[in-house]
Amino acid sequence: MEILISQLFAGLSLGSVLLLAAVGLSLTFGQMGVINMAHGEFIMAGAYTAFTVQQILGSAGVSLLVSLPLAFLVGGLLGLILEATLLRRMYHRPLDTLLVTFGVSLILQQLARDIFGAPSVDVRLPELLSGPVMIFGTPVPASRVFILALTVVVVAGLSLLMSRTSLGRRIRAVVQSRELAEASGISSRRTDALTFFVGSGLAGVAGVAITLIGSTSPTLGTTYIVDAFLVVVAGGIGQIRGAVIAAAGLGLLQVFFEFGTTASIAKVIVLVIVVAFLQIRPQGIVATRTRGLA
Amino acid sequence: MTTTATPPATTTPSTTGARKLPSVAEGPGVWTTGPRGALIGLGIGAVLLLVVAPLTLGGFGLDLLGRYLCMAMVAVGIGLVWGRGGMLAMGQGVYFGLGAYIMAMHMTLADTTLEGESIPTFMRQNGVERLPELWGIVQHPVIAVAAIILVPTAVAGLLGWAIFSRRVKGAYFAILSQALAAAFAVLIIGQPVLTNGSNGLSNFQSLFGWDLDDSGNRLVLFLVVAVILLAMLAVTWQLYRSRFGELLVAVRDQEERVRFLGYDPALIKTVAYMIAALFAAIGGALFVPVVGIISPADIGVVPSIAFLIGVAIGGRATWLGPVLGSIAVSFAGTQLASAFPSAWVYLQGLLFVLVIGFLPGGLASVIGLLRRRRPEGRGGGRGDGSAGAPDEPGDDPQDTTREATEPEAAR
């Protein structure tokens, strides 16, 4: 029983990290058709933001609170710059955005290497988050509980943003029909930029969260980007609900198979499952119905 | 459905090209050399690689060039699937790695036998006492070669069919192929007993009984590599001119229409993907004796994507562009990477941004851009539209049909 709970929790915890990494991606990928490989590097930027803030402020607790919004800003600004300089020109070429943003991610990684050095750095945990917490009598790391909670807050916030605010309405309108949205007086260009700001900002937040469970290195982004993409693809592009289900599912599957085999085998099995799953539902878990042929 | 009137998909070339489907090989974006041009191209290549290079380059230079040629084999395949087929294969490192690891396993075993041991040193260090069965299979050279050819092709066939027959395409395919590369690298690192983990396999003495330290043997090895690459080029040239090549381009540009004409796009795409996998595997297999080491660092996500940049620079849809671009990038890489490692990474990143963002047809399209200024106009003039330089959309009434048929790709 204890094993089951701790395994379940480990799966959900992994899923929440994946979701945090993927939710911004889902927003930009799904809503704008832009595949941002540099999203992983925005995560890394968020992680280094947390590191830098802690270097300056010292106190682990305060710096965590400061770095969450700050990393959102850092990621968001990076995203804005990327959108304005490059991606805006290439909305019709999704595959090419993939490669262009890969180039950007190479550059950002090297920048991080030149600024912070290639070896990984560690962010100290606040007292409160360093110990274990008991859940149903099973000890689990408090930092992971915090991440789980943070993910819930972020995803709930994003759903509210999409469903209740005028920005969310505009984003949905542009996604459904760009022309019609523009004809109704919505600046699709500004909406794109804002979407990108929010999506990339969430990457920054994910970066801060990841510092709580591991060390930060220039290649941090590459570890998460592929899994994040899988979450987006399996969940159905642009579907927050789908991303939540897919992230939880992939996290649980990964941990489940890891239990029987090794982490690397589990990873391969999970990929096979995703490919097999796309056989059944090529459009992902949640998909908007279209009358398209594809 | 969404976005603007521009054809949404990956490569937006020439709805013009697709409209005159029968002559697609002459259409924009798929400029194919005629038989004479191909002979001249292959002839020049043969003279350069088989005569000039061995005469002018020393042993070290030849080894380097041989390494570039092995990488170029992967590029030929990428040109086929990506340039002609519109499938962004971001995981070719997997097939490169499969070929390379099979070859490396065989060579390690052969060396072990020469030394009179029964299992490779690294396994002994890992405490293994019996040779794993996976290794035992490739002990015989014929089986090893067969495995190099069959295993990657079969994997690509299975995976390609699974993906393409369900009409998973565009970005989905790219991401899956990338995930495949990630998983493969993780798998290899995670099995140190079988693969020596992230150290990879190295220190080979011989290939099929030939001493690899002997300079004469190394020359022969280089010549073999060069001949195989030239043969691949001849094959792709023939493919590009064949009905298959035309269908491949047609699938890239208008998959639905090809389907409506009664062809099965999934089959066409899968075959192209298998050929590319085979080329990559052969490149990988030759890479091992030429370079002398294979490790997960050569086959993961980043090296897999790095294969693409040379192809993009050379002109992804052209015949020789991918090879030339790939060799140029490899050359620049070795020259710069040792002297200015960080500058090389910046340059690589910049190349991706600039070439793919602003010169999607690669350097080959520069000729086309110049030609475009001629009065003959857009139809024949766009040397390489493959990447759809944002060409004035909306003037083609068929754009709308296309969007109606392919909403998925637009998103």
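In this text, all values refer to a predicted model and were calculated from it rather than measured experimentally. Every chain is numbered from 1 and lettered A, B, ... according to where its sequence line falls, protein lines coming before strand lines.
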For residues 104-112 of chain A against chain B, heavy atoms under 4.5 Å, the residues are V104(A), L106(A), I107(A), Q110(A), L111(A)
So, taking the atom named [atom1] in [X] and the one named [atom2] in [Y], what distance separates them when rounded to the nearest 0.5 Å?
| X | Y | atom1 | atom2 | value |
| --- | --- | --- | --- | --- |
| L95(A) | F173(B) | CG | CZ | 10.0 Å |
| L99(A) | I309(B) | CG | CD1 | 8.0 Å |
| L98(A) | M90(B) | CG | CE | 4.5 Å |

Check whether V100(A) gets within reach of chain B through its side chain, its backbone, both or neither, counting any heavy atom under 4.5 Å.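 It is both, since atoms from each part get that close.
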Name the region of V272(A), side chain, backbone, both or neither, that has any atom closer than 4.5 Å to a heavy atom of chain B.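 The answer is neither part of V272(A).
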For the residue pair [X] and [Y], establish whether any side-chain heavy-atom pair is separated by less than 4.5 Å.
| X | Y | answer |
| --- | --- | --- |
| L187(B) | K267(A) | no |
| L86(A) | F358(B) | yes |
| L176(B) | L230(A) | yes |

What are the two closest heavy atoms between V226(A) and A179(B), and how far apart are they?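 Scanning both residues, the minimum pair turns out to be CG1-CA, 3.5 Å.
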Tell me which of these, [options], has more heavy-atom pairs under 4.5 Å with chain A than the rest.
| options | result |
| --- | --- |
| I305(B), V301(B), L351(B) | I305(B) |
| L347(B), L350(B), V345(B) | V345(B) |
| S342(B), G357(B), S165(B) | S342(B) |

Chain A heavy atoms under 4.5 Å from L308(B): which part of the residue, side chain, backbone, both or neither?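 L308(B) touches chain A through side-chain heavy atoms alone.
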Proximal component of A162(B), with respect to chain A [non-hydrogen, under 4.5 Å]: both
My understanding is that only residues two or more places apart in sequence, or in another chain, count here; which of them pass side-chain hydrogen bond (donor to acceptor under 3.5 Å, both in side chains) with R88(A)?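 Here the qualifying residues are E83(A).
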Partner residues of K269(B) under the side-chain hydrogen bond (donor to acceptor under 3.5 Å, both in side chains) criterion, sequence neighbours left out: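 Expected list: E255(B).
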Tell me every residue that passes side chain to side chain contact (heavy atoms under 4.5 Å, CB included) with A185(B), counting only those two or more places apart in sequence or in another chain.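 For A185(B), no residue satisfies side chain to side chain contact (heavy atoms under 4.5 Å, CB included) once neighbours in sequence are set aside.
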For atom CZ of F256(A), decide whether the heavy atoms of other residues, nucleotides or ligands shown that lie under 6.0 angstrom number more than 12.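 Open: at most 12 neighbouring heavy atoms sit under 6.0 Å from CZ of F256(A).
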